[in-house]
> 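This is the structure I want to talk about, given as structure tokens.
When a ligand or atom number is given, it counts from 1 through the structure's own listing order.
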Amino acid sequence: TLPIAVLVSGSGSNLQSIIDRIEEGALDAEIKLVISNKASAYGIQRAKDHDIPYRVLLHTDYPSREAFDQAMVDAIHEAGVTDEGLVVMAGFMRMVTPVFLKAFANRVMNIHPALLPSFAGVNGQADAADYGVKISGCTVHFVDEQMDHGPVIIQAAVPCQAGETEDELGPRILKLEHRVFPQAIQWFAENRLRIENRHVELRVAGRPCAGQP
Ligand code: GAR
């Protein structure tokens with residue numbers, strides 16, 4: 001069972017999808033800690049409802065990004081997520097520094113509501129709708145030092161209708177997020193993800209598998 005820490009800043013619907021898959025037995029992970037950097041995040045309530053340990057760490061309480069990241073690293077380690085575990089950013093709207101990434105090298109995943117490298121940032125759905133793209137979607141990737149950037153694990157696409165706004169597109173993308181994020185975490189739990197030359201390879205029976213299943 002993979003020990004994971006989940007970082008949230010908002011509603012936590014992706015956190016909920018992870019909780020649900022674990023409770024159904026479809027995801028072999030245990031959430032050891034939920035961290036929110038916002039006191040008002042509904043994700044905290046979701047953790048409480050499922051008896052999952054949680055911490056609210058406010059970045060405004062720390063003198064630097066590095067100090068905040070170190071506090072998160074300490075909390076995650078104390079909760080029992082170390083070299084064996086995974087950190088999952090589920091709507092965590094803050095970039096992390098090398099302090100964090102060195103502590104969890106190639107063990108931090110993020111989900112983004114657009115087909116990266118298009119429309120990184122905090123308004124991925126709106127930016128895609130405004131641009132008028134005909135296809136958008138979501139991306140799960142390993143995190144590096146740039147925003148919404150790093151080796152891609154899985155993407156899922158949705159067609160966009162002409163004139164569609166973020167209000168229409170966003171929920172359709174979110175539905176896909178709730179499917180692919182638990183899937184990516186399960187692959188990690190099964191030790192099937194390898195990073196080669198900044199590309200993620202999915203393994204089947206220990207061998208590379210062609211394409212994206
Ligand atoms: C999700 O759409 C996620 O992809 C996005 O925030 C939302 C959080 O929703 N993340 C980013 O935009 C990262 N740049 P949730 O709190 O209901 O899971």
> Considering only non-hydrogen protein atoms, determine which one is nearest to atom 17 (O) of ligand 1 and report residue, atom name and distance to 0.1 Å.
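Scanning the protein heavy atoms, the shortest distance from atom 17 (O) of ligand 1 goes to Ser13 OG, 2.6 Å.
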
> Answer yes or no: does atom CG of Asp83 have more than 12 heavy-atom neighbours from other residues, nucleotides or ligands under 6.0 Å?
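Counting neighbours around CG of Asp83, 12 or fewer heavy atoms of other residues, nucleotides or ligands fall under 6.0 Å, so no.
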
> Do Glu168 and Thr165 get their side chains close enough for a donor-acceptor pair, meaning under 3.5 Å?
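Yes, because at least one side-chain N or O of Glu168 sits under 3.5 Å from a partner of the opposite role on Thr165.
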
> Around atom 6 (O) of ligand 1, find the nearest protein heavy atom and jot down its residue, atom name and distance.
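Answer, as residue, atom name and distance: Met93 CE, 3.5 Å.
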
> Please report which non-hydrogen protein atom sits nearest to atom 10 (N) of ligand 1, along with the residue it belongs to and the distance in Å to one decimal place.
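Of the protein heavy atoms, Ile111 O, 3.6 Å lies nearest.
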
> Return the closest protein heavy atom for atom 2 (O) of ligand 1 as residue, atom name and distance.
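For atom 2 (O) of ligand 1, the nearest protein heavy atom is Glu177 OE2, 2.9 Å.
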
> Quick check on contacts: which atoms of ligand 1 are under 4.0 angstrom from a heavy atom of Leu174?
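Heavy-atom distances to Leu174 below 4.0 Å select 2 (O).
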
> Should you measure from each heavy atom of Asp148, which atoms of ligand 1 turn up under 4.0 Å away?
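This gives 13 (C), 14 (N) as the contact atoms.
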
> Decide side chain to side chain donor-acceptor pair (under 3.5 Å) for Gln186 and Glu190; before the verdict, give the C-alpha distance in whole Å, the side-chain angles of both, and the deciding distance to 0.1 Å.
CA-CA 6 Å; Gln186 178 61 21; Glu190 292 170 3; 2.7 Å; yes

> Verify, without hydrogens or angle tests, whether Thr139 (side chain) and Ala114 (backbone) share a donor-acceptor contact under 3.5 angstrom.
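Yes.
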
> Is there a donor-acceptor pair closer than 3.5 Å between any side-chain N or O of Gln45 and the backbone N or O of Tyr42?
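No; judged by distance alone, with no hydrogens or angles, the pair does not exist.
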
> With a cutoff of 4.0 Å, is Gly121 in contact with ligand 1, counting heavy atoms of the residue only?
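Flag set, Gly121 near ligand 1.
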
> Would you find a donor on one side and an acceptor on the other, under 3.5 Å apart, between the side chain of His77 and the backbone of Thr82?
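Judged by distance alone, no pair lies under 3.5 Å.
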
> Check the angle between the aromatic planes of His59 and Phe68 and answer parallel, tilted or perpendicular using the 30° and 60° thresholds.
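Perpendicular.
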
> Just by modelled atom types, is the Gln16 backbone N or O under 3.5 Å from a matching donor or acceptor in the His50 side chain?
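No, because the side chain of His50 does not come within donor-acceptor range (under 3.5 Å) of the backbone of Gln16.
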
> Taking Met89 as the fixed residue, which of Ile35, Leu7, Val140, Asn14 is the one that meets the side-chain contact (heavy atoms from CB on, under 4.5 Å) rule?
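Considering Ile35, Leu7, Val140, Asn14, a side-chain contact (heavy atoms from CB on, under 4.5 Å) with Met89 is found only for Leu7.
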
> How close does the nearest protein non-hydrogen atom get to atom 9 (O) of ligand 1, and which residue and atom is it?
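That would be Asn14 ND2, 4.1 Å.
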
> Can you report which non-hydrogen protein atom sits closest to atom 16 (O) of ligand 1, along with the distance?
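Looking only at protein heavy atoms, the one closest to atom 16 (O) of ligand 1 is Gly12 N, 2.7 Å.
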
> Considering distance alone, does some N or O of Leu15 sit under 3.5 Å from an N or O of ligand 1?
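No - when backbone and side-chain N and O of Leu15 are compared with those of ligand 1, no distance drops under 3.5 Å.
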
> At what distance is the nearest protein heavy atom to atom 7 (C) of ligand 1, and which residue and atom is it?
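Minimum-distance protein heavy atom for atom 7 (C) of ligand 1 reads Gly91 CA, 4.2 Å.
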
> Under a 4.0 Å heavy-atom limit, does Val8 contact ligand 1 with its side chain, its backbone, both, or neither?
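Contact part for Val8 vs ligand 1: neither.
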
> Is there a heavy atom in Gln125 that sits closer than 4.0 Å to ligand 1?
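Right, Gln125 reaches ligand 1.
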
> Between Asp69 and Val99, is there a donor-acceptor pair closer than 3.5 Å when you use the side chain of the first and the backbone of the second?
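No, the answer is negative, given that no donor and acceptor are paired below the 3.5 Å cut-off.
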
> Evaluate His112 for polar contact with ligand 1, using N/O atom pairs at a separation under 3.5 Å.
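Yes, since at least one N or O of His112 sits under 3.5 Å from an N or O of ligand 1.
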
> To check your reading of the model: name the closest protein heavy atom to atom 5 (C) of ligand 1, its residue, and the distance in Å.
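Checked against all protein heavy atoms, atom 5 (C) of ligand 1 sits closest to Pro113 CD, 3.7 Å.
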
